[in-house]
Amino acid sequence: MGSLLHPVGPEQARVYWYRRALVLLVALALVAALLWWLWPKTPGPVSAVPPASGSTPPASDTPAPAPSGSGSPATSTPAVPASSPPTSTAPAAPQACDPGSVQLSVAGFEKVKVSGKQVFALAVANSGKSSCILDLTAKNYSLTVTSGSDRIWTTDHCAKWVPAKKLTLKPETAYEFEISWPLQRSKKDCKLTKDQLKAGTYVAKATFAGKTAKHVMRLVT
């Protein structure tokens, strides 16, 4: 016991105390390392790992909607039908000219010698806002010359005196044509009399689609 507290040797006493302290520290370090190694470890926090592809997802507190055909039908948003592309509509084909949109005109010489000839400038115009089909024939168009109540000449006596025409009239356009009057009386079958007309006032009247147009003239010697 005395040698433990009072080291004996050729070295100084503090050298022996230094060595003993170093041995003691090494022993304590070994004991601490052994205790740390043998002491039970506390498990660390477990990180959430996403489920692998194809695995069953974890159950959720929110109930999933019932599949189609089950006892309680699932509520779904109605599908919105896809809008179909606009279809192009072809313009309507022109119809027969409306009598309300037809305008007639008659022009000619105001004075004509009884030995001469009168040439009438005639027109059928479309005053409507859209195109229409004009079908002019001797059956629906007539030109008549009268003197008072005396009918002198008329295209009703000869169909070929009317230049028949069928065409499409655009808005604000007219079909223009001419009819010659030889200053003679007419008879059926395109015949003319040889009687010479007297000087005086004569009226030419065009009729078509319930409309009329007039031209007043004087025959002079």
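Everything numeric here is computed off the predicted structure, so don't read it as measured data. For the single chain, residues carry numbers from 1 onward in sequence order. All heavy atoms count here, side chains included; hydrogens, waters and symmetry mates do not.
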Single-linkage hydrophobic cluster, 4.5 Å side-chain cutoff, V114 and V145 together
yes

same_hphob_cluster(L143, Y175) at 4.5 Å side-chain heavy-atom cutoff:
yes

Specify the closest pair of heavy atoms between V106 and A206, including all atoms of both residues, with the distance to one decimal.
CG2-CB, 3.5 Å

Once rounded to the nearest 0.5 Å, what's the spacing between atom NZ of K166 and atom OG1 of T137?
10.5 Å

Return yes if some donor-acceptor pair links the side-chain N/O of Q184 with the main-chain N/O of T193 below 3.5 Å, else return no.
yes

What one should report as the nearest heavy-atom pair of S131 and N126 is CA-ND2, 4.1 Å

Show your working on side chain to side chain contact (heavy atoms under 4.5 Å, CB included) between I179 and L122 and close with a plain yes or no.
CA-CA 8 Å; I179 294 179; L122 310 166; 3.5 Å; yes

Given the rule in the side chain to side chain donor-acceptor pair (under 3.5 Å) test, do T201 and R218 qualify, once you have shown the distances and angles that lead to the verdict?
CA-CA 5 Å; T201 301; R218 288 185 58 82; 3.1 Å; yes

With rounding to the nearest 0.5 angstrom, report the NZ to CG distance, K139 to D156.
13.0 Å

Quick check on the hydrophobic clustering: are V112 and V220 connected, directly or via other members, by side-chain heavy-atom contacts under 4.5 Å?
no

Between K117 and S180 (side chain of the first, backbone of the second, donor and acceptor by atom type, cut-off under 3.5 Å), is there such a pair?
no

Atom of G128, atom of P171 and distance for their closest heavy-atom approach
O-CB, 3.3 Å

Shared ILVMFWY cluster between V119 and L104, side chains joined below 4.5 angstrom?
no

For R151 and T144, what are the C-alpha separation, side-chain angles and deciding distance, and is it a side chain to side chain contact (heavy atoms under 4.5 Å, CB included)?
CA-CA 7 Å; R151 189 171 72 163; T144 302; 3.6 Å; yes

Taking the side chain as every heavy atom from C-beta outward, state whether E110 and M217 have any atom pair closer than 4.5 Å.
no

Are the side chain of S186 and the backbone N or O of T154 linked by a donor-acceptor pair below 3.5 Å?
yes

I want to check something: taking the side chain as every heavy atom from C-beta on, are H215 and Q118 in contact at a cut-off of under 4.5 Å?
yes

According to the disulfide (SG to SG under 2.5 Å) rule, which pairs have a member within residues 162-221, sequence neighbours left out?
C158-C190

With a 6.0 Å cut-off on the ring centroids, do Y141 and F177 count as close?
yes

Taking atom CG of L183 and atom OH of Y202, what is their separation to the nearest 0.5 Å?
8.5 Å

Applying side chain to side chain contact (heavy atoms under 4.5 Å, CB included) to K188 and H157, what does each step give before you reach the verdict?
CA-CA 5 Å; K188 291 182 179 180; H157 288 159; 4.0 Å; yes

Using the rule side chain to side chain contact (heavy atoms under 4.5 Å, CB included), only one of L134, D135, T168 pairs with C97; which is it?
L134

Validation row: L136, V162 side chains within 4.5 angstrom (heavy atoms):
yes

Please answer whether the main-chain N or O of G100 pairs with a side-chain N or O of D98 as donor and acceptor at a distance below 3.5 Å.
yes

Any donor and acceptor pair, going by atom type alone, linking the side chain of Q95 with main-chain N or O of A93 inside 3.5 Å?
yes

With a sphere of 6.0 Å drawn around NZ of K211, does it hold more than 12 non-hydrogen atoms of other residues, nucleotides or ligands?
yes

R185/D150 salt bridge by N-O under 4.0 Å criterion:
yes

Does the side chain to side chain contact (heavy atoms under 4.5 Å, CB included) test come out yes or no for I152 and L197, once each step is laid out?
CA-CA 9 Å; I152 306 298; L197 299 178; 3.9 Å; yes

Here the pair of heavy atoms bringing S127 nearest to E172 is O-OE2, 3.5 Å

For F109, all residues meeting ring pair (Phe, Tyr, Trp, His ring centres under 6.0 Å), sequence neighbours excluded:
none

Single-linkage hydrophobic cluster I133~L169, side-chain heavy atoms < 4.5 angstrom
no

In terms of the angle between their ring planes, are W153 and W161 parallel, tilted or perpendicular, with boundaries placed at 30° and 60°?
parallel

Between the OG atom in S130 and the NZ atom in K170, the distance rounded to the nearest 0.5 Å is 13.0 Å

